[in-house]
Amino acid sequence: MTDKKQGKLIVFSAPSGSGKTTIVRYLLAQKDLDLEFSISATSRAPRENEVDGEDYYFMDLKEFKSHIKNDDFLEWEEVYRDNFYGTLNSEVERIWAMGKHVVFDIDVVGGLDIKRIYPEQTLAVFVEPPSIEELKIRLKKRKTESEDRIATRVAKASIEMATAPQFDHIIVNEDLDTALGEAYELVKNFIK
Ligand code: 5GP
């Protein structure tokens, strides 16, 4: 990895559907925070409206595995079967070279990996849905996943919730405005 270690790493992890992406987008729009989104690599297919090089670096399984072999990833996970996700070292270097802090929207295992690799420079935040029931409702409303994929995500959510105490902070996303305010304050204090 690079010698340029002046930037901070802000990790948001949560079960799928807990609202972390909304929080991350809000933070990115706050220009005083100097944040840049870490675009992950993934082997899953793009959803409608997703843009390669903006939402993710989309690649097939073969390309993803060759990056694993070359040790190009800071962290990677097979989040769902045959759906690999990972953070390329080059992505963090790109953002630090811009003089910005890196913000991650990644799964709990990847988030905790980053905290372990860069304990001092990382703020690891867990976004908790008010309940598993509410999470189910939100995933259904989103209409991006089929019924069985929703069931997979909900089952995984219970396991992910158990990791929450390992994070630096937990934000319960019951009321979105409150959650946004809390997230802003946490990041502002951490980067100053
Ligand atoms: P989705 O398919 O809904 O975009 O993402 C599925 C899950 O993969 C989410 O929990 C998301 O945060 C996680 N994810 C996205 N990028 C990465 C990454 O680079 N590393 C890891 N470990 N997880 C990621």
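All ligand and atom numbering here is 1-based and tracks the order in the structure. Values in this document were obtained by computation on a predicted structure and should not be read as measured data.
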Item to check | Side chains of D177 and Y26, donor plus acceptor under 3.5 Å | outcome: no

Checklist entry - Is there a donor-acceptor contact under 3.5 Å linking the side chains of E91 and Y57? => result yes

Checklist entry - Linking Ile, Leu, Val, Met, Phe, Trp and Tyr through side-chain heavy atoms less than 4.5 Å apart, which residues share a cluster with V51? => result none

Item to check | Per-ligand residue contacts, ligand 1, heavy-atom threshold under 4.0 Å | outcome: K20, S40, R44, R47, Y56, E75, E77, V79, Y80, Y85, G86, T87, D105, I106, D107, G110, R153

Checklist entry - In terms of the angle between their ring planes, are F64 and F84 parallel, tilted or perpendicular, with boundaries placed at 30° and 60°? => result tilted

Item to check | Same cluster (ILVMFWY, side-chain, under 4.5 Å), W96 and I117 | outcome: yes

Checklist entry - Between the side chains of T87 and E75, is a donor N or O closer than 3.5 angstrom to an acceptor N or O? => result yes

